[in-house]
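Each ligand, and each atom within it, is numbered from 1 in the order the structure gives.
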Amino acid sequence: MPSSADRAPTTRVPTIIVQGGAGANPAEAGDYRQGVRDAALAGWRVLADGGAALDALERAVRALEDDPRFNAGRGSVLNRDGAVEVDASIMEGDRLQCGAVAALSRIANPITVARRVLESRRQVLLVGEGALAFARSVGIPECDPASLVTDRQRKRHAELARQPATRGGGTVGAVALDRNGTIAAATSTGGTPGKLPGRVGDSALIGCGTYADSSIGGVSCTGDGEAIMRVVLGHRALRYLKDADDPDYAAKVAVDLLVDEGGGQGGLILIDWRGRVGFATSTRLMPVAMMSPALDEPRVPF
Ligand code: ASP
C-alpha cells in the first residue's frame with residue numbers, strides 16, 4: 001500500500017459516495033432518494049471534469065445542505081431552544097489537512113466555512129461566535145436564522161416535548177477519490193433534535209465523524225454522536241480498512257464497534273485508496289448514492 005507522502009503521480013478511477021443520515025424513517029425513503037442521487041451527481045461532475053476531491057465534496061454536501069429534507073444547513077433539526085446550530089468538517093487525505101466548525105448559527109452552508117478553515121491552515125476547529133466571525137472575515141455571508149428553519153422541523157420540535165427523541169437521521173456526508181489519487185471526506189449536520197445549546201457532535205470532530213488518509217481511504221459517519229465519539233469511529237474504521245483491505249467488511253466491523261463498544265446506533269460510508277466503496281448501518285435506513293465511471297447513473301442502493 002503506498003504512503004501518501006511518496007505516492008507517485010498516478011491516474012485513479014474517480015469515485016464518489018454520499019450519505020443522507022442513519023436513522024431516517026424508512027417510510028420516507030422516497031424523499032431521500034432523489035436528494036442523495038442529485039448530490040452524488042453534482043459531486044461526480046466535478047470529478048469527471050478532472051476536478052479535485054475537495055471540490056467534489058463541497059459541491060455534493062452543499063446540495064444536501066440546501067435540500068430541506070436533510071438535517072444539515074436549511075432543514076436542520078432545532079435545539080432545545082428552537083434554534084439551528086450546526087456542525088461540519090472536511091478533510092483532505094494527502095497532507096491530512098482538515099477544517100471544522102461547530103455550534104454555528106446563521107450560516108446556510110457550513111461545509112464551505114469548514115473548507116475555508118482547512119484552507120487557512122492555522123486552525124482545525126472553530127466554534128460558535130468565533131466560527132461566525134471567521135466566516136464573515138472570509139466573505140461568507142450570514143443568513144437570516146429563520147431561513148434555515150423549516151415547517152417540518154418546527155412541528156417536530158413541538159412534538160419533542162411530548163415524545164423526546166435523541167436522533168432523527170438526515171445528517172449528510174460524502175467521500176471522494178479524484179484522478180490524482182487524493183481522497184477527501186466531509187460531514188455536515190444540524191445534530192440531534194432538542195440538543196442542548198452548545199452541544200457538539202461527532203460530525204465536527206476529525207477522527208470521529210470524518211477522516212481521510214489518501215494512502216488508506218476516507219470515511220463519513222452518522223448516528224449517535226456521543227457513541228461515535230466514544231469509539232473514535234472514523235479513525236477506527238480506516239484502521240479496519242487498512243488491516244482487512246475490504247471496504248464493506250471494514251464498514252460492518254466499524255458499525256459493530258459502534259453498537260457493541262460505543263453503545264449507540266449509526267452507519268458510515270467509505271472509499272479505499274483503490275476506489276472501492278463500502279457502507280454499513282445498524283439502523284433501518286441510511287440513504288446512500290454513489291457514482292463512478294463504471295456506472296451510467298448514480299447507484300442508489302436503498
Ligand atoms: N451524528 C450526528 C450528531 O450526533 C447526528 C446524526 O448523524 O444523525 O450530531
Side-chain angles (χ1 to χ4, degrees), residues 18-26 28 31-32 35-36 39 61 64-65 67 69-73 75-80 83-90 100-105 110-111 114 125 127-128 131 148 152-153 156-157 160 164-175 185-211 219-237 251 254-255 257-259 262-270 279-288:
V18 309
Q19 54 100 352
N25 181 354
E28 294 172 355
D31 284 354
Y32 296 110
V36 289
V61 172
L64 291 163
E65 289 175 339
D67 185 331
R69 293 170 288 200
F70 293 92
N71 172 20
S76 287
V77 299
L78 306 184
N79 69 10
R80 184 197 62 189
V84 166
E85 275 187 352
V86 300
D87 298 338
S89 58
I90 188 163
V101 290
L104 177 62
S105 301
I111 202 64
L125 172 62
V127 307
L148 302 175
R152 182 167 175 237
Q153 296 300 352
R156 189 176 189 185
H157 187 251
L160 270 183
T166 54
R167 184 165 41 82
T171 286
V172 307
V175 184
T187 312
S188 180
T189 188
T192 48
K195 66 187 182 180
L196 282 181
R199 179 261 185 189
V200 174
D202 62 294
S203 311
L205 301 182
I206 297 300
C208 297
T210 303
Y211 203 74
V219 56
S220 168
C221 303
T222 171
D224 294 326
E226 283 68 17
I228 293 172
M229 289 188 254
R230 271 194 287 275
V231 298
V232 200
L233 188 63
H235 197 266
R236 295 281 289 275
V255 167
L257 172 78
L258 174 65
V259 174
Q265 305 295 324
L268 54 96
I269 55 173
L270 286 169
F279 59 94
T281 185
S282 65
T283 61
R284 287 189 297 158
L285 176 66
M286 179 177 73
V288 167

message: I'd like to know whether CZ of Arg152 has more than 12 heavy-atom contacts from other residues, nucleotides or ligands below 6.0 angstrom.
response: yes

query: Among all residues two or more places apart in sequence or in another chain, which pass the side-chain contact (heavy atoms from CB on, under 4.5 Å) test with Ala185?
result: Val175, Thr210, Ala212

statement: Hits for side-chain contact (heavy atoms from CB on, under 4.5 Å) against Ala131, two or more places apart or cross-chain, chain-then-number order -> Val101, Leu104, Leu126

query: For the side chain of Glu65 and the backbone of Ile111, is there at least one donor-acceptor N/O pair under 3.5 Å apart?
result: yes

- prompt: Hey, which atoms in ligand 1 end up nearer than 4.0 Å to a heavy atom of Asp202?
  reply: 1 (N), 2 (C), 3 (C), 4 (O)

- prompt: By number and element, which atoms of ligand 1 are closer than 4.0 Å to a non-hydrogen atom of Thr222?
  reply: 6 (C), 7 (O), 8 (O)

- prompt: Between Thr171 and Thr189, is any side-chain donor less than 3.5 angstrom from a side-chain acceptor?
  reply: yes

Does any N or O atom in [X] lie less than 3.5 angstrom from one in ligand 1, N or O only?
X      : result
Gly191 : no
Asn71  : no
Ile228 : no

- prompt: Under 4.0 angstrom from ligand 1, any heavy atom of Gly223?
  reply: yes

Closest to atom 6 (C) of ligand 1 (judged by heavy-atom distance), picking from Thr189, Thr171, Val77: Thr171

task: Just go through Met229, Gln19, Lys195, Arg199 and tell me whose heavy atom is the nearest to atom 4 (O) of ligand 1.
output: Arg199

With Leu258, the side-chain contact (heavy atoms from CB on, under 4.5 Å) member among Leu268, Asp224, Leu233: Leu233

